[in-house]
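Here it is: the structure, laid out below.
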Amino acid sequence: MPEGPAPVDWQGEALDCAACRFRTRLDLGQCGQGWACAHERYAKRIERFFLLNPDLADMCLSHPYFETRMNAARVASVFRLPRLLSDADAGVRAMAILRLPPAHAERRIKDPDRRVRIAVAHRLHREQLLPMAADADGYVRSIVARRAEPGMLPMMIGDADPEIRRIVARRVGEGWLDRFRADPDPLVRREAALRRPGLFAGDDDMRVRHVVAEGGSAADVQALLEDPEDIIRETAAARLAQLREGA
C-alpha cells in the first residue's frame, strides 16, 4: 500500500510511468508510483525521488509544480540555482538562497515573502544584516538579533517585540545595558540584570530583584536584605554569606 494519499500527478491526473522521461529509473528501482516520483503531487514522494536520483534534479528546475522545483533545488547543481531567485514561488526562492553563496542573498533582502527573508537573514554575512534590523516580520528581526555583530544591536534596543529585546539584552555591549532599566517588560529587564545586576537592584519586579540577589556584588545585594519579599531577603543573605566565604 502506498503511504499518504493516492498517487496522482501535480494536477490531480493519473500518473503514466510509460510516458515518463525518467521511466528507465523505474526498472532500476529508483522510482515508483506511491513512493518516489518527480511528477507526483505529494511532496514526500517528490523529495524521495530526488534523494534517489539527484543527477536528475537539474532537469526539473523548470517543472511547472513548485514542490518539484523546490525539491529539485535541494540537490541540483548550484550553478543552475541563481535564476530561481526570481521564481514565482517563495519556497523555491528560499531554497535557492539557502544553497547559494551568501552574496546572492542580498538580492532578496526586500522579498515580499517572509520565508524568503528568513532564508536571507540566515545566509547574509553578519556585517550585512543592518538593513534587516527593521524588517516588518518579528521572526526575521529575531534572526538578525541573534546573528548580527554586537555593535549593530543598539539600534534594536527599542524593538517592539520584547522577545527580540531580550535577545539584544543578552548580546549588546555592556555599556548599553542601562538603557534597559526603563524597558516596560520585566523579563527584558531581568535579562539585562543577569549581566549587570547593580543597575537593577531597585527594580519594581521581584523577578528582576531576585536575579540581583542571586548574582550581585556585596554592595548590590546589601539593600535587598530589607526587601519586602521574603524570597529576595533570603536569597540576598545567602549571596552575602557566599561572598564573605570566598573573600
Side-chain angles (χ1 to χ4, degrees), residues 1-125 128-129 132 135-144 146-147:
M1 290 290 291
E3 61 175 340
V8 292
D9 73 8
W10 66 281
Q11 294 179 306
E13 302 295 330
L15 291 161
D16 183 1
C17 295
C20 178
R21 58 176 171 165
F22 303 138
R23 58 186 176 275
T24 56
R25 301 300 170 102
L26 182 64
D27 295 333
L28 296 173
Q30 291 173 232
C31 66
Q33 289 195 27
W35 72 283
C37 180
H39 307 297
E40 255 269 17
R41 173 184 284 178
Y42 190 45
K44 287 185 177 180
R45 296 172 191 153
I46 301 170
E47 180 182 8
R48 186 177 292 124
F49 177 86
F50 290 114
L51 288 173
L52 293 169
N53 304 280
D55 56 309
L56 300 180
D58 287 6
M59 300 172 63
C60 296
L61 294 176
S62 298
H63 195 282
Y65 187 35
F66 73 92
E67 287 282 6
T68 300
R69 298 196 306 277
M70 184 173 67
N71 280 283
R74 291 180 192 272
V75 294
S77 167
V78 292
F79 300 108
R80 299 292 189 93
L81 298 182
R83 64 185 178 85
L84 296 184
L85 294 176
S86 300
D87 194 274
D89 183 76
V92 177
R93 299 196 301 274
M95 181 60 67
I97 287 166
L98 290 172
R99 291 206 55 220
L100 283 164
H104 292 268
E106 196 170 6
R107 293 169 51 188
R108 303 307 308 184
I109 282 179
K110 298 295 185 181
D111 194 280
D113 195 287
R114 69 185 294 268
R115 291 172 292 174
V116 180
R117 300 197 309 279
I118 288 169
V120 171
H122 279 298
R123 291 295 288 155
L124 282 178
H125 291 298
Q128 295 177 302
L129 286 167
M132 305 198 81
D135 193 273
D137 186 83
Y139 188 67
V140 173
R141 299 197 308 277
S142 74
I143 298 170
V144 174
R146 290 185 176 92
R147 293 196 61 231

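Because the structure is a prediction, the values reported are computed rather than measured.
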Original post:
Say you draw a straight line from CG of Asp137 to CD1 of Ile143; how long is it, rounded to the nearest 0.5 Å?
Top reply: 8.5 Å

Original post:
Say you draw a straight line from CG of Asp9 to SG of Cys20; how long is it, rounded to the nearest 0.5 Å?
Top reply: 11.0 Å

Original post:
Would you find more than 12 non-hydrogen atoms of other residues, nucleotides or ligands less than 6.0 Å from Arg80 atom CZ?
Top reply: no

Original post:
Mind checking whether Glu40 and Cys31 have side chains closer than 4.5 Å, heavy atoms only?
Top reply: no

Original post:
Quick one: does Leu56's side chain get under 4.5 Å of Phe22's, heavy atoms only?
Top reply: yes

Subject >> Pairs meeting criterion side-chain hydrogen bond (donor to acceptor under 3.5 Å, both in side chains) with involvement of residues 99-108, two or more places apart >> reply: Glu106-Gln128, Arg108-Asp111

**OP:** Heavy atoms only: give me the nearest Ala36-Gln30 pair and the separation to one decimal.
**Re:** CB-O, 4.4 Å

**OP:** With the side chain counted from C-beta on, respond yes when Arg123 and Pro102 share a heavy-atom pair under 4.5 Å apart, and no when they do not.
**Re:** yes

Original post:
Atom CD of Glu67 and atom NE2 of His39: how far apart are they, to the nearest 0.5 Å?
Top reply: 15.0 Å

Original post:
At what distance, to the nearest 0.5 angstrom, does NE2 of His122 lie from CD1 of Ile97?
Top reply: 11.5 Å

**OP:** For the residue pair Tyr65 and Arg41, establish whether any side-chain heavy-atom pair is separated by less than 4.5 Å.
**Re:** yes

**OP:** Provide the closest heavy-atom pair for Ala96 versus Leu81 in the form atom of the first, atom of the second, distance.
**Re:** CB-O, 4.0 Å

Original post:
Between Ala90 and Val116, what is the shortest heavy-atom contact and its length?
Top reply: O-CG2, 3.4 Å

Subject >> Whether over 12 other heavy atoms sit under 6.0 Å from Tyr139 OH >> reply: no

Subject >> SG on Cys37 to CG on Leu52, rounded to 0.5 Å >> reply: 12.0 Å

Subject >> Shortest non-hydrogen separation from Ala136 to Arg141 and the atoms involved >> reply: O-NH1, 3.4 Å

Original post:
Can you find a heavy atom in the side chain of Met132 that is under 4.5 Å from one in the side chain of Val140?
Top reply: yes

**OP:** List the atom of Cys17, the atom of Leu26, and the distance in Å for their closest heavy-atom pair.
**Re:** CB-CD2, 4.1 Å

Original post:
With a 4.0 Å cut-off, would you call Arg69 and Asp87 a salt bridge?
Top reply: yes

**OP:** May I ask you to decide whether Asp135 forms a salt bridge with Arg117, counting only side-chain N to carboxylate O separations under 4.0 Å?
**Re:** yes

**OP:** Would you check, one step at a time, whether the test side-chain contact (heavy atoms from CB on, under 4.5 Å) holds for Trp35 with Arg48?
**Re:** CA-CA 7 Å; Trp35 72 283; Arg48 186 177 292 124; 3.5 Å; yes

Original post:
Looking only at heavy atoms, what is the nearest atom pair of Ala94 and Ala119, with distance?
Top reply: O-CB, 3.8 Å

**OP:** For Asp55, enumerate each residue passing the salt bridge (Lys or Arg N to Asp or Glu O under 4.0 Å) test, keeping only those at least two apart in sequence or located in another chain.
**Re:** Arg25

**OP:** Measure the CE-CZ distance between Met95 and Arg115 for me, rounded to the nearest 0.5 Å.
**Re:** 11.5 Å

